[in-house]
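Computed from a prediction, not measured in an experiment: that's the story for all the values here.
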Amino acid sequence: MWWLLWLLAALLVLFCSLDVWYFLRVAAVVLRAWFQPQIRDITAEQTLTGRVSPHDIDMCHMNNARYLRECDFARFSLYIRNGVFKGLRALKASMVVGATTIRYRRPLCIGEGFELRSRIVSWDDKAFYLEQRFVSTKDGLVCAVMYCKQSIIRSSPDKIMQHLCKRKVDCPEFPEDLQHWVNFISASSQALRAESGLEEKSK
């Protein structure tokens, strides 16, 4: 009987100190992607399906932050199936989110189904750039669209692509709207560096 009380106490501490459901969802997404067919085209669009649950909502529609959380899960699946995670491990590199922006066009309401369509649009010498779209299964409307800059540490997108494809891969052209966003990120970075005096130190 005492061991059951200790187990319940341990679970209570665990759920109070960690977002357990997040890690369980990550494990489920990774396992599912692991057993799905590998996709050879690095830039191919991949789709995950979902439905807005009561746990996701505020004011009867999906909470703004939940969109970003769903995008996290979709990227895990994307990188496992297209081999990017494998390339990172082989090159002893890692990746972090460098920037995101999301545009909300119409709320996803409680119980509404959606497709989350993710793809690598392009890359430069430091990062991959992704587009992720939330498409309602009710009427096909794009309810939200997000851009993500995925920065590569201790390597580069070109090296990852060469490792996976065994050849030099030309970078796709940036769409005009994405290029504007990349320019904004660069200008913001330069302004913040100047503000903190880092540009003077690097001269």
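Annotation: the span from Tyr79 atom OH to Ile42 atom CD1 amounts to 11.0 Å, rounded to 0.5 Å. Once rounded to the nearest 0.5 Å, the distance linking CG of Asp125 with CD1 of Ile152 reads 11.5 Å. In this structure, the separation between CG on Leu130 and SG on Cys71 is 9.5 Å, given to the nearest 0.5 Å. Here the CG-CD1 distance, from Leu108 to Ile110, works out to 12.0 Å after rounding to the nearest 0.5 Å. Note that the CG atom of Leu78 and the CG atom of Leu48 stand 9.0 Å from one another [nearest 0.5 Å]. Here Asp170 contributes atom CG and Met161 contributes atom CE; the two are 10.0 Å apart, rounded to the nearest 0.5 Å.
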**OP:** Starting from the C-alpha separation in whole Å, work towards a yes-or-no answer on side-chain contact (heavy atoms from CB on, under 4.5 Å) for Val97 and Gln150.
**Re:** CA-CA 5 Å; Val97 173; Gln150 196 85 66; 3.5 Å; yes

**OP:** Test Asn82 against Ile120 for side-chain contact (heavy atoms from CB on, under 4.5 Å), laying out the working first.
**Re:** CA-CA 10 Å; Asn82 67 14; Ile120 294 176; 3.9 Å; yes

**OP:** Determine, stepwise, if the pair Phe85 / Ile160 fulfils side-chain contact (heavy atoms from CB on, under 4.5 Å).
**Re:** CA-CA 9 Å; Phe85 274 161; Ile160 292 172; over 6 Å; no

Subject >> Verdict with reasoning, Arg66 to His55, per side-chain contact (heavy atoms from CB on, under 4.5 Å) >> reply: CA-CA 10 Å; Arg66 287 287 176 177; His55 191 61; 3.3 Å; yes

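Taking all atoms of both residues into account, the shortest heavy-atom contact from Val30 to Ile80 is CG1-CD1, 3.6 Å. Closest heavy-atom contact between Arg51 and Gly111: NH1-O, 2.7 Å. In terms of heavy atoms, Arg119 sits closest to Glu45 at CB-CA, 3.9 Å. When all heavy atoms of Ser17 and Val13 are compared, the closest pair comes out as OG-O, 2.7 Å. Heavy-atom minimum distance, Ser77 versus Gln46: O-OE1, 3.8 Å. Between Pro172 and Ser122 the shortest heavy-atom distance is O-OG, 2.6 Å.
The side-chain heavy atoms of Gln36 and Arg81, taken from C-beta on, include a pair separated by under 4.5 Å. When side chains are defined from C-beta on, Val52 counts as touching Ile57, because their heavy atoms get closer than 4.5 Å. Residues His61 and Tyr104 are not in side-chain contact: their nearest non-hydrogen atoms beyond the backbone lie 4.5 Å or more apart. A 4.5 Å side-chain heavy-atom check between Val169 and Trp123 finds at least one atom pair inside the cut-off. You'll find the side chain of Ile153 stays beyond 4.5 Å of the side chain of Met95, heavy atoms only.
The aromatic rings of Phe114 and Phe134 lie tilted to each other, with the angle between the two planes from 30° to 60°.
Looking only at distances, a side-chain donor or acceptor of Asn183 sits under 3.5 Å from a matching main-chain atom of Gln179. Panel note: side chain Arg133, backbone Arg117; no donor-acceptor pair is recorded below 3.5 Å. Checked by atom type and distance alone, the side chain of Thr47 never pairs as donor or acceptor with a backbone atom of Leu116 at under 3.5 Å. Judged by distance alone, with hydrogens and angles left aside, the side-chain atoms of Lys166 form a donor-acceptor pair with the main-chain N or O of His163 at under 3.5 Å.
Annotation for Val182: hydrophobic cluster partners, listed by chain and number, are Val121, Tyr129, Tyr147, Phe174, Leu178, Trp181, Phe184, Ile185 (ILVMFWY side-chain heavy atoms under 4.5 Å, direct or chained).
Side-chain polar atoms of Ser136 and Glu112 form a donor-acceptor pair below 3.5 angstrom. Defined by atom type and a distance below 3.5 Å, a donor-acceptor pair is present between the side-chain atoms of Ser118 and Gln132. With no hydrogens or angles considered, no side-chain donor-acceptor pair links Asp158 and Ser156 at under 3.5 Å.
Note on Glu195 versus Arg193: no salt bridge recorded, every NZ/NE/NH1/NH2 to OD/OE distance being 4.0 Å or above. A salt bridge is defined here as a Lys NZ or Arg NE, NH1 or NH2 lying under 4.0 Å from an Asp or Glu carboxylate O, and Arg75 with Glu70 fails to meet this definition.
In the displayed structure, Arg32 atom CZ is contacted under 6.0 Å by at most 12 heavy atoms of other residues, nucleotides or ligands.
Hydrophobic cluster membership is shared by Phe35 and Phe76, with clusters built from Ile, Leu, Val, Met, Phe, Trp and Tyr side chains linked at under 4.5 angstrom.
Asp19 pairs by the salt bridge (Lys or Arg N to Asp or Glu O under 4.0 Å) definition with Arg69, not counting sequence neighbours.
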Throw together a table of side-chain donor-acceptor distances under 3.5 angstrom for residues 137-146, partners on residues two or more places apart or in other chains.
residue	atom	partner	partner atom	Å
Thr137	OG1	Gly113	O	3.1
Asp139	OD1	Leu141	N	3.1
Asp139	OD2	Arg106	NH1	2.7

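Ring centers of Tyr22 and Phe73: under 6.0 Å apart, within the cut-off.
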